[in-house]
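Quick notes on the structure that follows.
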Amino acid sequence: MRYDNPDPDSFNPLVWSIVRQIPAGQVSTYGQIASMIPPPDGIEPPDFDRLGPRWVGDAMNAVSRIDDPTIPWHRVINAKGGISLPPGSKSAVLQRQRLEDEGVLFGKGETVDLNTVGWEGPDASWLRYHGFNPPRPLRKPPEAGGQLPLF
DNA sequence: CGTTTGACTACGC
DNA sequence: CGCGTAGCCAAAC
């Protein structure tokens with residue numbers, strides 16, 4: 001809603017189709033979802049990097065209005081691993097409850113460990129078929145040989 | 001009809 | 001690692 005999404009009616013369904021792919025027990029982020037969607041006509045990629053995540057948030061907000069039970073909106077959180085809904089709100093409590101029911105644990109700072117429960121993204125073939133881009137990884141790339149330095 | 005209010009994120013202290 | 005800032009619009013109040 002902020003930063004005028006020129007066409008939410010086209011954009012939102014793209015977001016929802018991706019969100020439906022997130023498996024139980026895992027989470028995605030607004031930014032990661034946006035990273036899979038090609039910039040709409042007329043939106044330059046640098047601008048979309050900035051606007052996309054917000055529009056994804058708007059799309060999630062729209063779910064609460066249409067109440068579509070096929071969209072696991074609770075599996076979309078912010079880049080910090082936290083819930084972006086107003087703390088204590090009915091929706092925020094429900095979101096955390098649903099995630100915990102799926103085995104997603106919240107640690108210090110009311111956040112989840114994206115490196116553990118962060119989604120790797122849809123199948124490559126699914127992405128290609130739907131014309132989406134590969135997702136930005138949420139998990140840190142496996143260190144080739146860094147963790148045990150010397151010796 | 002003016003104000004308020006956002007389901008964000010990268011980046012710099 | 002927590003906190004503040006920029007970006008900069010439309011709907012809901």
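So you know, we letter chains A, B, ... as the sequences are listed, proteins then strands, and number each from 1.
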Nearest whole Å is fine: how far is B:dG6 C1' from A:Leu51 CG? 15 Å

C1' gap between B:dC1 and C:dA11, integer Å: 14 Å

Heavy atoms within less than 4.0 Å of DNA chain B: which residues of residues 73-88 of chain A have one? Give them sorted by number. A:Trp73, A:Asn78, A:Ala79, A:Ser84, A:Leu85

By side-chain hydrogen bond (donor to acceptor under 3.5 Å, both in side chains), A:Ser10 pairs with (sequence neighbours left out) A:Asp7

How many angstroms lie between CG in A:Leu51 and CZ in A:Phe11, if you round to the nearest 0.5 Å? 9.5 Å

Let's see if you can work this out: which of B:dC8, C:dG7, B:dA7 has an atom nearest to the side-chain heavy atoms of A:Asn61? B:dA7

A:Ile37 CD1 to A:Ser17 OG distance, which is reported to the nearest 0.5 Å: 7.0 Å

Test salt bridge (Lys or Arg N to Asp or Glu O under 4.0 Å) applied to A:Arg98 - qualifying residues, sequence neighbours left out: none

OP1 or OP2 of B:dT9 less than 4.0 angstrom from a side-chain nitrogen or oxygen of A:Arg136, does that happen here? no

In whole angstroms, how far is the C1' atom of C:dC9 from the CD1 atom of A:Ile43? 12 Å

Not counting sequence neighbours, which residues clear salt bridge (Lys or Arg N to Asp or Glu O under 4.0 Å) with A:Asp101? List them please. none

Quick one: A:Asp67 CG to B:dA7 P, roughly how many Å, whole number? 17 Å

Salt bridge (Lys or Arg N to Asp or Glu O under 4.0 Å) pairs, two or more places apart, involving residues 109-131 of chain A: A:Arg96-A:Glu110, A:Glu120-A:Arg139

When you compare B:dA10 with C:dA10, how far apart are their C1' atoms, in angstrom units rounded to a whole number? 24 Å

Would you kindly give the CZ-to-C1' distance between A:Phe11 and B:dA7, to the nearest whole Å? 13 Å

Determine the interatomic distance between P on B:dA7 and the same-named atom on C:dC13; round to the nearest Å. 12 Å

From CG of A:Asp7 across to P of C:dA10 the rounded distance in Å is 14 Å

A:Arg98 CZ to B:dA7 C1': how many Å, rounded? 14 Å

Would you tabulate the side-chain donor-acceptor contacts of residues 76-84 of chain A under 3.5 Å, counting partners in other chains and residues two or more places apart, or write 'none'?
{"unit_1": "A:Asn78", "atom_1": "OD1", "unit_2": "A:Lys80", "atom_2": "N", "d": "3.0"}
{"unit_1": "A:Asn78", "atom_1": "OD1", "unit_2": "A:Gly81", "atom_2": "N", "d": "3.2"}
{"unit_1": "A:Asn78", "atom_1": "OD1", "unit_2": "A:Gly82", "atom_2": "N", "d": "2.9"}
{"unit_1": "A:Asn78", "atom_1": "ND2", "unit_2": "A:Gly82", "atom_2": "O", "d": "3.1"}
{"unit_1": "A:Asn78", "atom_1": "ND2", "unit_2": "A:Ser84", "atom_2": "OG", "d": "2.9"}

What is the separation between atom CG on A:Asn5 and atom C1' on C:dA11, rounded to the nearest whole Å? 14 Å

note: A:Leu138, atom CG; B:dT9, atom P; distance rounded to Å ~ 10 Å

